[in-house]
Number of protein chains: 4
Amino acid sequence: MGGTMDGTKQQRRGNTRQRIQDVALELFAEQGYEKTSLREIAERLDVTKAALYYHFKTKEEIIVSLFADLTQPIEELIEWGRSQPHTLATKQEIVRRYDEALGGAAPLFRFMQENQATVRELRIGETFKDRMTGLREIIIDPDSSLTDQVRCLSALFTLHAGMFVMRDLEGDPDDKRKAVLEVAIDLVTQAHQGAHGA
Amino acid sequence: MGGTMDGTKQQRRGNTRQRIQDVALELFAEQGYEKTSLREIAERLDVTKAALYYHFKTKEEIIVSLFADLTQPIEELIEWGRSQPHTLATKQEIVRRYDEALGGAAPLFRFMQENQATVRELRIGETFKDRMTGLREIIIDPDSSLTDQVRCLSALFTLHAGMFVMRDLEGDPDDKRKAVLEVAIDLVTQAHQGAHGA
Amino acid sequence: MGGTMDGTKQQRRGNTRQRIQDVALELFAEQGYEKTSLREIAERLDVTKAALYYHFKTKEEIIVSLFADLTQPIEELIEWGRSQPHTLATKQEIVRRYDEALGGAAPLFRFMQENQATVRELRIGETFKDRMTGLREIIIDPDSSLTDQVRCLSALFTLHAGMFVMRDLEGDPDDKRKAVLEVAIDLVTQAHQGAHGA
Amino acid sequence: MGGTMDGTKQQRRGNTRQRIQDVALELFAEQGYEKTSLREIAERLDVTKAALYYHFKTKEEIIVSLFADLTQPIEELIEWGRSQPHTLATKQEIVRRYDEALGGAAPLFRFMQENQATVRELRIGETFKDRMTGLREIIIDPDSSLTDQVRCLSALFTLHAGMFVMRDLEGDPDDKRKAVLEVAIDLVTQAHQGAHGA
DNA sequence: GATGAATGAGGATTCATTCAT
DNA sequence: TATGAATGAATCCTCATTCAT
């Protein structure tokens, strides 16, 4: 019971930064970055706009912080990928893990997917591009045919889009996700085999 | 004389309206819809904001008009597709023609791809969704496995994204586009064969 | 009566820019630049803040425009001064004319005098400094003693400050102004004679 | 032991308060009062804004305290001046000592000189005006000609402005200061002699 | 066909200040 | 002595839109 009180306190106290991030991400993903005003975020949290500014220096810093926080697993994945041999197994594992990582930060990626124009102008843009390039360098064999290269990109893309676009496909969400993953792995596999002889 | 006047008038008239559309599309694609102000569009054209309002009742109407104008080939494609038997050949042809149609309105699709969050809130959103559903109904066999359904979506998606994402892939643009198309057709083919036995 | 209507119209119409400048200068001089908000200016004119932005791109542009408009006589004075021989008569004439010029833009100079810290950070700062340097080069003989150089600066300064600081001195304003001018001319004269032997 | 504690405490205590004053004065003089935020001051001192409020009840109190602390010598000078006969020697001595006093609080006077508009609205304004009036009553002979009265004011003014305006005059700072003082004394002397025959 | 002038609503951001701890 | 968290009021500025001419 003391635990409960503690919990409440902890929730109100020191949690504001988190709560801002949560609400912001939700709204950014839903309506886009520009259409989401700080007033709206503040109102949902029942604090003043100024309170947001205590925790984040600018609106952009909110999204930057979200990106930094939620995107770290991917950073690590790339790190890991770079240290592995570029075998088919590695590529497949990368796709599998990437899918997982995306799942962990679904709303952020939905946001990034759906607001690319905005993202490009934000500071995140560059960082994100760098990461994608990192991923590419791991799965794409530069000596393979253009078609196979496109296959790999398409694999990544399918994962990205999968979660959102497939929403209006019938079927159990979990099954859908598995299907998406399967297609992605398939694409990477085809690409690899194309390049390394059948 | 009447003809001359007509011609001139039509040219002048169609001209400004067109020029507004052109500039608007360019800016929308580049910076996003919300970040592009009517002031900016007007300045680029060296007219007043009020002039824009002579040609379009609202900002939204500009994008709506662009969508209506540039998207008609796709509308027709769907019409055509519906009247065809759902054979593999048809599906492949649809993909081929869709690729062409996308090419004809690349900036618009770049815009739609990169501003989904915005588009969703605009009147276009629904229309666009309807079209995509139409396309889906033609290529996707509802009895096929989820995986195969995903393959078809992925094909469409690859086409959409292709043009922009592949930009930073090395290689001749034309070759790249062919590669993208090839992968898309491949996906649809695999899906079809999966569903109808090998 | 028609004339009256005309007048009223003319006053309302096309005059807004001027009216903004007038009110702004008044308030800037009275309360300082930073303490004067655009809201205040707009309220006094019974227009919206946005109306101000139709006529001036930024708050700073308002003061810049005032400076440009009201300061031209001084610009011209310097031009004239440069073309004259550096005789005592010229110097005295410069002081006399400078006094006049200051009188014509008293509120602006009061503002600049009393808000130097602000002015320094505004774009006017540099321009103003340049002008003062121009003036100096005309009245100050670089070979004269430091003391005589200070005398010249003191003369300019006395003119600047005169109008405002002397306010709480007893006496007819006109007489005071004459006295100020006399002291200034005296200083310049002393400086000149110091340099060129008695 | 008590002594040690006292010493440390006093040092610490006096220290922070002092450091606030120092930094504040520096920034006020540099950027003006309104443009200097408490955040800025706090950041420079590496404390929180709230800490400032432990030492000063309001922002205004900071400048008031500076004024009170740094301006006391002038207060005393006036006291002294009032008790002296109004001879030329006294007047000259006043100018000399005033120059010294100004030197001791140069940044404050730079601030007051350059932010008159602000100062006027602050509580210091009145006090400062009173002091200037006190000074005037000592050096200015109310029966003298307006011109001579202006000379006296100009003398004070020259001292005030001297330090800052003369900055961009060539020459050794010390020499310049001497020159400024000389001109001021000169002005007072001329005024006195004008009034008392010769 | 188009402009000049204006508006109302809302945007992000900053500030001095407060208070419990 | 100080901090961490927050507020309320204000700031400059931008936007889509309107309307008389």
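Computed from heavy atoms alone, side chains included, the values below leave out hydrogens, waters and symmetry copies. None of these values were measured; they are calculated from a predicted model. Here is the naming used below: chain letters follow the sequence lines, and residue numbers restart at 1 for every chain.
Take D:Glu30 and apply the salt bridge (charged side-chain N to carboxylate O under 4.0 Å, His left out) test, not counting sequence neighbours, and it matches no residue. Looking at residues two or more places apart in sequence or on another chain, you find a side chain to side chain contact (heavy atoms under 4.5 Å, CB included) between B:Tyr53 and B:Leu38. In this view, A:Gln31 and A:Thr36, A:Glu40 satisfy the side-chain hydrogen bond (donor to acceptor under 3.5 Å, both in side chains) rule, not counting sequence neighbours. Residues satisfying the side chain to side chain contact (heavy atoms under 4.5 Å, CB included) test with D:Ala106, not counting sequence neighbours, are D:Met163. Every residue was checked against the side-chain hydrogen bond (donor to acceptor under 3.5 Å, both in side chains) condition with B:Arg39, not counting sequence neighbours, and none meets it. With sequence neighbours excluded, the residues that form a side-chain hydrogen bond (donor to acceptor under 3.5 Å, both in side chains) with D:Glu34 are D:Thr118. Partners of B:Glu61 under the side chain to side chain contact (heavy atoms under 4.5 Å, CB included) rule, at least two apart in sequence or in another chain, are B:Phe56, B:Lys57, B:Thr58.
For the pair A:Ala50 and B:Ala50, nearest-nucleotide mapping onto DNA chain F gives the more 5' position to A:Ala50.
Separation of the P atoms belonging to E:dG1 and F:dT21 is 23 Å when rounded to the nearest angstrom.
Comparing E:dA12, F:dA16, F:dC12 by their closest approach to the side chain of C:Lys49 singles out F:dC12.
Using a 4.0 Å cut-off on heavy atoms, the residues of residues 53-62 of chain A that approach DNA chain E are A:Tyr53, A:Thr58, A:Lys59, listed by number. Contacts of residues 24-42 of chain C with DNA chain E (heavy atom under 4.0 Å): none.
Between B:Ile20 atom CD1 and E:dA2 atom P there is a gap of 8 Å when expressed in whole angstrom units. In this structure, C:Leu45 atom CG and E:dA6 atom C1' are separated by 13 Å, rounded to whole Å. Between the P atom of E:dA5 and the CG atom of C:Leu52 lies a distance of 14 Å, rounded to the nearest Å.
Within the structure, every pair that satisfies the salt bridge (charged side-chain N to carboxylate O under 4.0 Å, His left out) test and touches residues 115-127 of chain D, not counting sequence neighbours, is listed here: C:Lys35-D:Glu121, C:Glu114-D:Arg120, D:Glu60-D:Arg123. Residue pairs satisfying the ring-ring contact (aromatic ring centres under 6.0 Å, His included) criterion with at least one member in residues 19-45 of chain D, sequence neighbours excluded, are listed as follows: D:Phe28-D:Tyr33, D:Phe28-D:Phe111.
Here the closest heavy-atom approach between residue A:Thr48 and residue A:Ala42 is recorded as C-CB, 3.8 Å. For D:Ala29 against D:Pro107, the heavy-atom pair with the smallest separation is CB-O, 3.9 Å.
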Bracket string, DNA chain E, 5' to 3' - pairs by Watson-Crick or G-U geometry under 3.5 Å, | interstrand: .||||||||||||||||||||
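The side chain of B:Thr16 contributes an N or O atom lying less than 4.0 Å from OP1 or OP2 of E:dA2.
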